[in-house]
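Please read the structure below before turning to the comments.
In what follows, chains are A, B, ... by sequence order, proteins preceding strands, each numbered from 1. Heavy-atom basis, side chains included; hydrogens, waters and symmetry copies ignored.
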There are 2 protein chains.
Amino acid sequence: MTQNGQLDPTDIRILEILQQDARMDATHIGLAVHKSEAAIRKRLAKLREQGYIRRFAALLDRRLVGRPTLMITLVKLNGHASAVLQAFAAAIQVHPEVQVCLHLSGEYDFILQITLRDAAEYEDFLEQKLCCLPMVDKVHSSLVLKEYKMEPAFPLEK
Amino acid sequence: MTQNGQLDPTDIRILEILQQDARMDATHIGLAVHKSEAAIRKRLAKLREQGYIRRFAALLDRRLVGRPTLMITLVKLNGHASAVLQAFAAAIQVHPEVQVCLHLSGEYDFILQITLRDAAEYEDFLEQKLCCLPMVDKVHSSLVLKEYKMEPAFPLEK
DNA sequence: TGTGAAACCTCAGGAAT
DNA sequence: ATTCCTGAGGTTTCACA
């Protein structure tokens, strides 16, 4: 890590490793990148402090943990004042079945990614949590038929 | 973990902890769930073997690692034969800037989530990687203006 | 680089189902 | 009978100076 807060090639390699295996310890990372274990721990602390690493997470199989149904929901609001957008996001993102809530440019204002046990649970979500919000104008729901790729890791520039 | 492969309440708590902090060790998890360290390690091995845990990943800050531009792209194909869908997915998911590639029901066939350095890089993606595919009929691009929630962790049923 | 403090692994015994 | 937990041991690994 250079003094201006940029990543050097070693930092990049550490981050690449940890994106694939967050439980690898400093010793093994050191072997992989040809640095001492102490050097790795120092860099790791810095990468955390400076926010490059937000957290370490176990990625679960959503079918095995009881959420086989994955929906993508596009939402158009009937107003675009900042207060309206924020009110909508605040009301939606608290629901634990909502994994993703993004404000978009274009025809629809928000996209949601929602995981549920089955279609009936999604109907409940629509009726009880989404469509009853006063600023919701239009909703377009798509069932995910196949998950070809779902990858939180980013490619890192060398 | 019961013999039929279901999760018991202790497994659920272990998974909840690891979704939030994948680097917590067996000793500390044991303290949190009131089990011995040996018991935790045994359960952890099983949760991995049986596929509940797909992997452990460091979640990075996409702005800090040079991918500040996040796009959501909807794609409609000009055919829906299985071979066409698979050919499209295979051609798209290899690109590292594509984090998510899902086959959808509804008007559009695929949704992509793509992270890039800037708008110019997205233009390159469209021209050189997406729109030149013969099965692509229609593309709708949305810039993500604000990321209210982006959370890989699932709520777990007790 | 070294040193004390952990975390890890295995196994034998016991409790609960 | 089976499954699961515990606790102790010996070893490896970690963290900090």
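Distance noted for atom P between D:dA15 and C:dC9: 15 Å (whole Å).
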Can you check side-chain hydrogen bond (donor to acceptor under 3.5 Å, both in side chains) on A:Ser141 and A:Tyr122, steps first, answer last? CA-CA 10 Å; A:Ser141 299; A:Tyr122 185 63; 2.7 Å; yes
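A:Tyr148 is linked by a ring-ring contact (aromatic ring centres under 6.0 Å, His included) to B:Phe110, counting only residues two or more places apart in sequence or in another chain. With sequence neighbours excluded, no residue satisfies salt bridge (Lys or Arg N to Asp or Glu O under 4.0 Å) with B:Lys35. In this structure, A:His95 has no ring-ring contact (aromatic ring centres under 6.0 Å, His included) partners at least two apart in sequence or on a different chain. B:Arg117 meets the side chain to side chain contact (heavy atoms under 4.5 Å, CB included) test with A:Glu157, B:Glu121; sequence neighbours excluded.
Regarding A:Leu44, its CG atom lies at a distance of 13 Å from the C1' atom of D:dA15, rounded to whole Å. Separating the NZ atom of B:Lys42 from the C1' atom of D:dC5 is a distance of 8 Å, rounded to the nearest angstrom. The separation between B:Gln6 atom CD and D:dC4 atom C1' is 18 Å, rounded to whole Å. Straight-line distance from the NE2 atom of B:His34 to the C1' atom of D:dC4: 18 Å, rounded to whole Å. If you take CD1 of A:Ile29 and P of D:dT13, they are 15 Å apart, rounded to a whole angstrom. Spacing between atom CG of A:Leu31 and atom P of D:dT12 amounts to 16 Å, rounded to whole angstrom units.
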Each base of DNA chain D marked ( ) or [ ] if paired in-strand (Watson-Crick or G-U under 3.5 Å), | if paired to another strand and . if unpaired gives ||||||||.||||||||
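Side chain of A:Glu151 to main chain of A:Ala153: a donor-acceptor pair is present (N/O by atom type, distance under 3.5 Å, no hydrogens or angles). A donor-acceptor pair under 3.5 Å links the side-chain atoms of B:Ser142 to the main chain of A:Ser105, judged by distance alone.
The side chain of B:Lys46 places an N or O atom within less than 4.0 Å of a non-bridging phosphate oxygen (OP1 or OP2) of D:dC4. Remark: B:Arg43 is in phosphate contact with D:dC5, judged by side-chain N or O atoms under 4.0 Å from OP1 or OP2.
In this model, a donor atom of one side chain and an acceptor atom of the other lie less than 3.5 Å apart for B:Asp109 and B:His80.
Screening B:Arg63, B:Arg62, B:Gln99 for a side-chain hydrogen bond (donor to acceptor under 3.5 Å, both in side chains) with B:Thr115, the sole residue that qualifies is B:Gln99.
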With sugar-phosphate taken as primed atoms, P, OP1 and OP2 and all else as base, the protein-contact string of nucleotides 6-11 of chain C at under 4.0 Å (heavy atoms; B, S, -) is -SBBB-
